[in-house]
Protein chains: 2
Amino acid sequence: MNHVDINRPEPLGPEVILPPTKRGQRTRANLLAAAESVFATSGYHDASIVKITEEAGVGLGTFYVYFPGKKELFDQVVFDLNRRVRQAMSEASSGATTRLEAERAGFRAFFAFTAAHPALYSIVRQAEFVSPEAMRAHYTSIVDGYISGLLSAQAKGEVRDIDPTVASWALMGAGELIGMRWVQWEQQAGGRPEGVPDHVFEALMSFIETALAPSASVKEESV
Amino acid sequence: MNHVDINRPEPLGPEVILPPTKRGQRTRANLLAAAESVFATSGYHDASIVKITEEAGVGLGTFYVYFPGKKELFDQVVFDLNRRVRQAMSEASSGATTRLEAERAGFRAFFAFTAAHPALYSIVRQAEFVSPEAMRAHYTSIVDGYISGLLSAQAKGEVRDIDPTVASWALMGAGELIGMRWVQWEQQAGGRPEGVPDHVFEALMSFIETALAPSASVKEESV
DNA sequence: GTCAAACCTGAATGGTGATTCATGTTTCGT
DNA sequence: ACGAAACATGAATCACCATTCAGGTTTGAC
């Protein structure tokens with residue numbers, strides 16, 4: 001969620017050969033964007049290749065020029081979303097100087113991304129059966145960034161002595177369900193907020209801060 | 001997860017008319033059990049009615065004697081799992097006298113249930129598209145129990161002043177991902193533990209305890 | 001023992017959708 | 001301007017499945 005510090009090589013779909021011509025690249029990108037949208041609204045199984053190609057504005061057969069099959073397309077979509085959400089969090093927290101700042105910025109970026117790309121939740125959850133490898137890679141890559149952030153924060157004495165791996169999974173879980181409840185569900189109910197309500201965000205930050213702070217109360221030293 | 005204090009009426013599939021005869025009840029129960037297993041291992045879409053009836057040891061047509069269709073069966077399975085996991089947590093934490101005890105017992109029960117019923121995770125996640133109502137009802141009913149537990153703990157001064165709703169969703173999320181990572185994933189990798197490893201459990205408890213404790217350090221007063 | 005209600009059954013129906021392929025069109029280096 | 005590589009296409013193929021139904025079997029109240 002924050003403490004982002006992406007380093008290791010990309011965890012997924014490496015051998016993507018982009019089409020040689022501009023036209024081909026555009027078509028491929030259109031298919032990918034259409035797939036993200038259709039997978040998110042219809043679900044993997046109701047997302048027929050016909051729907052996707054229609055949304056992309058290309059013929060049915062064209063799909064198979066760019067992807068071996070539906071499953072590979074799905075993997076690619078998960079991979080793309082994963083890369084983008086990590087980049088968003090990483091960018092947001094890169095300017096921060098303290099752990100608290102980084103934490104806030106990272107989570108804000110995560111919720112904003114969630115709001116802008118409702119596909120993230122629905123698609124990752126479906127991956128359980130469609131592509132378990134993709135699902136694990138998604139969660140693992142995010143947690144890895146978090147862990148390394150926590151480690152360096154601990155080295156600086158900004159975080160108390162707690163297993164960083166467990167803490168990272170716990171925090172990611174917290175962010176995930178909060179996002180589901182206040183971003184995804186609210187959106188589906190009609191609204192289109194840019195993130196979670198302020199009081200929820202602040203409560204979550206207070207929760208995290210208290211859980212991680214070294215020992216004496218460091219609460220509320222900012223904002 | 002804990003602080004369980006279930007009160008309100010059941011949130012889901014209410015009007016279940018049980019078959020009048022013993023034989024019918026047994027058949028229905030067999031179908032339900034088979035469905036849980038097949039949904040969990042194959043996923044909703046690959047879980048054909050044929051597979052389910054075969055696993056249940058009944059003829060294909062028999063299915064439609066007991067359920068209007070596949071979707072209704074799925075709802076029923078979610079409802080059952082939800083009732084059982086809440087009951088397990090509620091029972092486990094009912095004997096506790098302090099919030100900390102209740103917390104530990106509740107989470108332990110949750111992880112144990114997760115270990116014994118891998119279906120819980122996979123089925124609930126699929127509900128996103130198969131039956132969003134069922135999914136929401138599942139999460140909401142668990143969180144509601146948690147919230148009321150937190151509220152009464154706050155009244156007794158055992159929990160600091162934090163929004164109980166936000167805290168509940170955060171904690172449920174933490175438990176969910178920890179369970180996914182250390183129970184579900186480990187199981188799929190071969191092992192069949194009865195819950196999360198001790199050090200993970202303790203780290204999570206320490207995390208939660210610190211996040212919720214009133215103010216002065218209450219850490220590690222037990223165990 | 002009788003009979004209606006409750007149960008059970010699996011072949012047939014109807015629909016859907018991923019993937020293939022033979023054929024036409026566009027792009028681009030030379 | 002030319003030709004080969006890229007790209008585009010949608011009808012046809014093939015497989016899978018939810019659901020229906022018409023007819024048989026079992027149960028249990030009397």
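Remember, predicted model here, so these are calculated numbers, not experimental data. Each chain gets a letter, A, B and so on, in the order its sequence line appears, and its residues count up from 1.
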*asked:* Checking side-chain polar atoms at under 3.5 Å, does B/N30 have a donor or acceptor matched by the opposite partner on B/R26?
replied: no
*asked:* So A/A56, base contact, sugar-phosphate only, or nothing? Heavy-atom distance under 4.0 Å.
replied: nothing
_Quick one about A/Q126 and A/Y121 (side-chain donor to acceptor, distance below 3.5 Å, no hydrogens or angles considered), yes or no?_
no
*For A/Y44 and C/dA18, give me the distance from atom OH to atom P, rounded to whole Å.*
8 Å
_Residues B/Q76 and B/Y66: side-chain donor-acceptor under 3.5 angstrom_ = no
_What is the distance, to the nearest angstrom, from the CD1 atom on A/I17 to the C1' atom on D/dA6?_
15 Å
*Could you give the OH-to-P distance, from A/Y64 to C/dT23, as a whole number of Å?*
21 Å
*Rounded distance in Å - NZ (A/K70) to P (C/dT16)*: 15 Å
*Can you give one letter per nucleotide of nucleotides 5-11 of chain C, going 5' to 3': B for a protein heavy atom under 4.0 Å from the base, S for sugar-phosphate only, - for none?*
-SSBBBB
*asked:* Rounding to an integer number of Å, can you tell me how far A/I49 CD1 sits from C/dT16 C1'?
replied: 13 Å
*Output the single nucleotide from C/dT20, D/dC17, C/dG17 whose closest atom is nearest the side chain of B/S48.*
D/dC17
*B/H45 NE2 to D/dC16 C1': how many Å, rounded?*
14 Å
_Aromatic plane relationship, A/F107 with A/F110 - under 30° parallel, 30 to 60° tilted, over 60° perpendicular_ = perpendicular
*Figure out the NZ/C1' separation between B/K71 and D/dT19, and round it to whole Å.*
17 Å
*Taking CG from B/L73 and P from D/dC17, how many angstroms apart are they, rounded to a whole number?*
16 Å
*Test salt bridge (charged side-chain N to carboxylate O under 4.0 Å, His left out) applied to B/E128 - qualifying residues, sequence neighbours left out*: A/R125
*Compute whether any side-chain donor of one residue and acceptor of the other, for B/T114 and B/Q184, lie under 3.5 angstrom apart.*
no
